[in-house]
Amino acid sequence: MSLYSYMAWRNIWRNPRRSLLTMGAIAFATVILIFMLSLQFGNYSTIIDSVVKMRTGHLQVQATGYQENRDIHLAVADPSQVAATLDRAPEVSGFTFRAHAFALVSSDNRSYGTVVTGISDRELTTSSLARTISEGRFLTEDEGAQALVGNILAKNLRVKPGDEVALLGQGLDGSVAATIVTVRGILSSGQDQFDRVSFYIPLPYFQELFGMGEAVHEIVVIAERLEDVAGLKQRLEEEVAGDTGRALRVLDWKELSPGLLEAITLDLMTGFLFYIVLIVVVAFSISNTFIMAIFERKKELGLMLALGSRPARLTGILFLEYGMLTTLGLAAGILIGCLVTLYFGAYGIQIPGMAEMARHYGVPERVFPQLSFLSVGIGSGLVVGISLCTSLIPVWKVRRLRPVPAMAEG
Amino acid sequence: MIYDVCPPTIHLRKGMKVMIGQAVFALLVILSGAPVCPAADTLAAEHIVDTAIRYYRGQSSAAIMDMKIVRPAWSRELSLKAWTKGQKNSLFTIISPPKDEGNGTLKKGDEMWTYNPKINRIIKLPPSMMSQSWMGSDFSNDDLAKSDSIVEDYVHRLIGAEFHEGKRVHVIQCTPKPGAAVVWGKQVLKIREDHILLLQEFYDEDNRLVKFLTGTQIEPVGGKVFPRFWTMQKGTDGRDFTIVAYREVRFDMEIPDDFFTRTSLTNAWR
Amino acid sequence: MLLQLAWRNIWRNPRRTILILAAVTIAVWSMVFSSALMRGIADQMVRNGIATLTGHIQIHQQGFRDDPSAAMHMKNPTELKQTLQDHLPPGALFSARVRTNAVASNARHSGGVTLVGIDPDREKKLSFVSSSIISGNYLDAEDPYGIIIGTSLMNSLKTRVGNKLVVMAQDTRQKMSSRAFRITGEYRAELEATEKEFVFITLPAAQNLLKMDEALSEICIVLPDREKVRETAAALARILPKDHEILAWQEMLPLVTATLRLYESIIYLWYLVAFTAMAFGLVNTFLMAVLERIREFGLLRALGMKSRWIIQGVMTESFFLLVIGIALGNALGAISVIGLSHTGIDLSVFAGGTQYWGLPKIIYPVLLASDAILVNGIVLVLGLLVSGYPALKASHFTPVEAMAHT
């Protein structure tokens with residue numbers, strides 16, 4: 001330890017109460033920033049996850065053109081090949097197959113045109129569909145003529161579990177696809193646009209009904225983590241899309257739910273406004289303690305100048321002091337911030353009013369902050385920046401300090 | 001064989017009902033050549049269209065048709081029986097392939113019902129389905145349900161004349177009347193002087209061709225000179241089209257009104 | 001005496017005082033401003049919800065909400081309108097509508113929509129449509145063929161103003177009824193879903209299409225005061241026939257109601273955070289101020305001053321500082337809120353063209369008196385509480401301790 005550092009260190013502990021308060025302010029700012037950022041990021045990954053798990057998946061493999069045209073003929077003829085690739089990929093946490101067809105669904109005297117979706121048993125390991133069952137129960141692949149119906153569609157059709165619904169559509173070969181299915185369960189995702197149209201039947205039954213053979217329209221992939229998606233997409237594009245001469249195509253969640261990213265950006269920007277306000281408050285809190293300390297030590301600093309210390313050396317020591325205070329405060333802040341975030345990350349936070357919102361958007365009713373390098377990095381980076389800036393003020397003050405008036409004051 | 005296409009209750013009436021007055025008027029209009037005034041022009045054009053539609057549909061008809069739907073990647077054939085009466089009522093039922101046998105469509109006025117024998121249900125088509133294709137063909141449900149609207153909902157104007165197989169052909173532009181529930185920007189019809197519809201073009205509002213129906217191989221069919229093949233083509237690239245060929249047809253027999261009921265829809269194919 | 005002394009003490013070291021004042025001012029400003037932002041977002045959501053056809057109160061035939069068809073209509077519009085005229089508070093607006101599910105199609109595309117027949121003049125005063133036209137014109141009451149559609153629907157039907165749109169719906173007798181309209185105007189809404197869903201024609205055109213005669217599906221009421229909604233709804237429920245359903249916006253927009261509650265809790269959490277951040281600065285500054293005057297306190301103690309008085313003295317000082325800081329903070333908050341109340345904070349640059357949630361793209365801060373009072377109360381009470389620590393400290397210096405302090 002050099003002499004300077006030693007002096008700075010000594011200075012800090014000469015007035016432990018002041019130093020502790022300063023560190024406390026820094027630590028608190030760090031904790032708050034880390035926690036809030038984790039909360040916001042956590043919220044986004046919850047939202048992305050739930051939209052993704054509810055509907056689209058992180059990635060989908062589709063026939064080229066299906067996303068735009070929704071033509072029943074644009075199908076993935078041999079999904080098992082893609083499945084083999086997915087089975088080998090370590091980042092894949094689950095995948096499932098879906099097939100869609102436009103059909104007329106009809107109860108005793110009401111009919112609606114909707115999109116019928118065939119789902120496999122893999123759905124349980126991939127999507128949150130099963131959790132939105134509000135009445136009846138979920139489908140299994142071997143059950144045949146059974147259906148899950150969105151609650152608004154069910155209300156419009158006036159059907160409940162156990163009732164029959166006629167399905168009339170057109171198969172892959174153009175022939176009439178007609179059947180009667182029994183409503184097995186009602187789905188309430190809380191999202192009207194889905195609950196108005198949702199109609200699910202078992203995939204093998206769908207394939208038989210619509211003459212699809214083994215073909216499906218979407219292979220829905222959930223990655224282990226959101227961060228894995230980009231890499232996985234690239235690999236799949238090379239392996240799957242490349243092998244089939246671009247007949248297949250890989251789409252990620254941003255392409256599958258356009259608008260979601262924009263909504264998150266808007267929310268982030270709204271949050272950003274509040275961060276600015278928070279940063280202003282934190283900056284004041286830190287700079288206040290720093291400036292105050294200088295006032296208080298004016299006499300001491302004047303004495304040192306009078307004793308022949310060069311101002312440069314004095315500012316050096318002061319900088320070191322602030323550096324140490326910031327480092328200690330920051331360290332404590334990061335530690336506490338991480339612990340607090342981890343605690344709430346495990347147990348979640350329940351905010352009044354959140355439950356209805358959550359149900360509507362199909363997200364969990366608790367908020368789970370998510371600790372990440374990003375939130376810790378941004379949070380502590382901001383604090384370091386603020387400390388650095390505010391420490392310049394007292395240092396600048398010292399440069400203008402004249403020994404005699406300083407000692408005379410107070 | 002022709003009896004096959006008629007339900008037992010229907011008695012054929014010999015001969016064709018000819019509306020003499022109308023025919024004479026049409027003849028006069030056609031012979032007089034260029035129209036003298038716009039009103040007469042419009043009236044004449046409307047009359048040509050009306051006569052052609054009546055000629056085409058007859059007072060009533062019963063037919064067996066083969067339909068071929070062609071797409072770049074696949075094609076499909078089916079056969080059906082069809083009955084029409086006036087311009088409001090019609091009934092179609094598929095007789096082959098066996099997989100689709102018995103699927104039928106009943107049209108009364110602007111409304112349609114569909115029947116599937118496998119589930120033995122009649123389903124009324126909701127509004128949202130009317131613009132969907134009929135049995136996957138290039139004909140929409142609306143094409144079938146609204147075949148009469150070409151006379152009632154449009155203002156007609158003669159815009160040219162051509163010759164086809166030595167006969168004069170009227171080119172008529174049909175513009176929808178304001179408020180008429182018509183999606184097209186305009187239609188252009190080519191009607192031969194013997195009332196045969198050769199071409200019907202459907203344009204959007206920007207005057208781009210959406211689809212067109214052509215009649216070919218004009219020959220005596222069921223006692224009338226008539227195009228045996230009708231092709232509905234989407235767009236102009238010739239990739240997607242549907243051909244309907246009349247195998248047998250009979251016009252102007254007596255079909256009771258109560259034939260066009262839901263009961264017939266379920267039984268017609270048997 | 002005490003007050004005077006405290007006041008003089010404050011200005012003995014103006015620089016320190018200014019620092020404390022700045023800390024309090026910034027904290028109060030941050031609370032006032034951020035709650036105004038939050039209220040602004042919430043208020044915008046409520047307004048948008050209300051302007052997007054919801055209004056404050058709606059009247060329907062019982063069962064309309066479950067089955068919004070032409071058959072579910074109110075048959076005595078004249079009587080109903082008279083009742084409303086007689087019983088609604090002065091300044092209240094209402095507008096009659098016909099509403100049903102329909103299909104809109106052109107030559108190439110078609111889509112499901114909600115057809116709304118409106119009285120253009122009355123509707124202008126209480127919903128968003130007339131003020132949201134971005135091309136073409138608003139509906140003309142005399143134009144039986146005019147229709148107004150949203151940008152998003154316009155795009156999905158690939159059509160434009162001036163083009164035709166055929167609307168098909170089931171009439172009161174469950175028969176299909178259709179008619180062509182000409183697109184006279186295009187509107188933009190806050191939510192893409194709104195643009196996709198609603199098409200507007202005149203009330204007589206809708207009644208004619210659906211063969212409803214004079215009947216109505218819906219009456220939408222906007223009151224001069226949003227706070228009176230529940231009261232008025234309850235009053236209407238007593239007067240109107242039992243087969244009418246009267247709904248307040250809180251019931252029609254459950255999601256907005258939930259969002260309001262959520263924001264309420266977030267605002268309180270935010271107060272806590274901002275206050276704690278401020279408290280560090282406050283305690284530190286006070287503490288230093290006290291330590292600096294350690295000799296003075298020691299001397300006072302030596303002269304026989306009771307520690308209670310010293311506490312009182314220090315607390316009075318902090319009270320002054322807090323009150324001045326709060327006043328400045330309120331002023332600053334008010335200035336920033338007023339300054340932004342016209343232009344708002346525009347976030348649309350980041351949000352692109354579409355909307356997923358109901359978040360507004362431009363935030364206009366709204367300052368509620370209740371929030372301001374709460375902020376002032378919290379800062380004053382908790383501020384005094386935290387300054388209790390330095391005060392206590394000051395009262396406990398022993399004269400010896402104090403004199404030893406350099």
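Reckoned from all heavy atoms, side chains included, excluding hydrogens, waters and symmetry mates. Because the structure is a prediction, the values reported are computed rather than measured. Residue numbering restarts at 1 for every chain, and letters A, B, ... go by the order of the sequence lines.
Here the side chain of A:E214 pairs no donor or acceptor atom with the backbone of A:A77 at under 3.5 angstrom.
The side-chain hydrogen bond (donor to acceptor under 3.5 Å, both in side chains) test applied to A:R98 returns A:E123, not counting sequence neighbours. Residues that satisfy the side-chain hydrogen bond (donor to acceptor under 3.5 Å, both in side chains) test with A:Q234, not counting sequence neighbours, are absent from this structure. When the side-chain hydrogen bond (donor to acceptor under 3.5 Å, both in side chains) test is applied to A:D252, no partner is found at least two apart in sequence or on another chain.
A:V240 is not listed as a side-chain neighbour of A:L86, based on a closest heavy-atom distance of 4.5 Å or more.
Nearest approach of A:G65 to A:R249, heavy atoms of both residues: N-NH1, 3.9 Å.
With a 4.5 Å cut-off on non-hydrogen atoms, A:L168 touches chain B through its side chain but not through its backbone.
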Let me see the donor-acceptor pairs closer than 3.5 Å between chain A and chain B, or none if nothing turns up.
from: A:H73; atom 1: NE2; to: B:W74; atom 2: NE1; distance (Å): 3.1
from: A:S111; atom 1: OG; to: B:K124; atom 2: O; distance (Å): 3.4
from: A:E164; atom 1: OE1; to: B:R121; atom 2: NH2; distance (Å): 3.4
from: A:Q170; atom 1: NE2; to: B:M135; atom 2: O; distance (Å): 3.2
from: A:D173; atom 1: O; to: B:R76; atom 2: NE; distance (Å): 3.4
from: A:D173; atom 1: OD2; to: B:K99; atom 2: NZ; distance (Å): 3.2
from: A:G174; atom 1: O; to: B:R76; atom 2: NE; distance (Å): 3.4
from: A:G174; atom 1: O; to: B:R76; atom 2: NH1; distance (Å): 2.5
from: A:G174; atom 1: O; to: B:R76; atom 2: NH2; distance (Å): 3.1
from: A:S175; atom 1: OG; to: B:K99; atom 2: NZ; distance (Å): 3.3
from: A:V176; atom 1: N; to: B:D100; atom 2: OD1; distance (Å): 3.0
from: A:A178; atom 1: O; to: B:K118; atom 2: NZ; distance (Å): 2.6

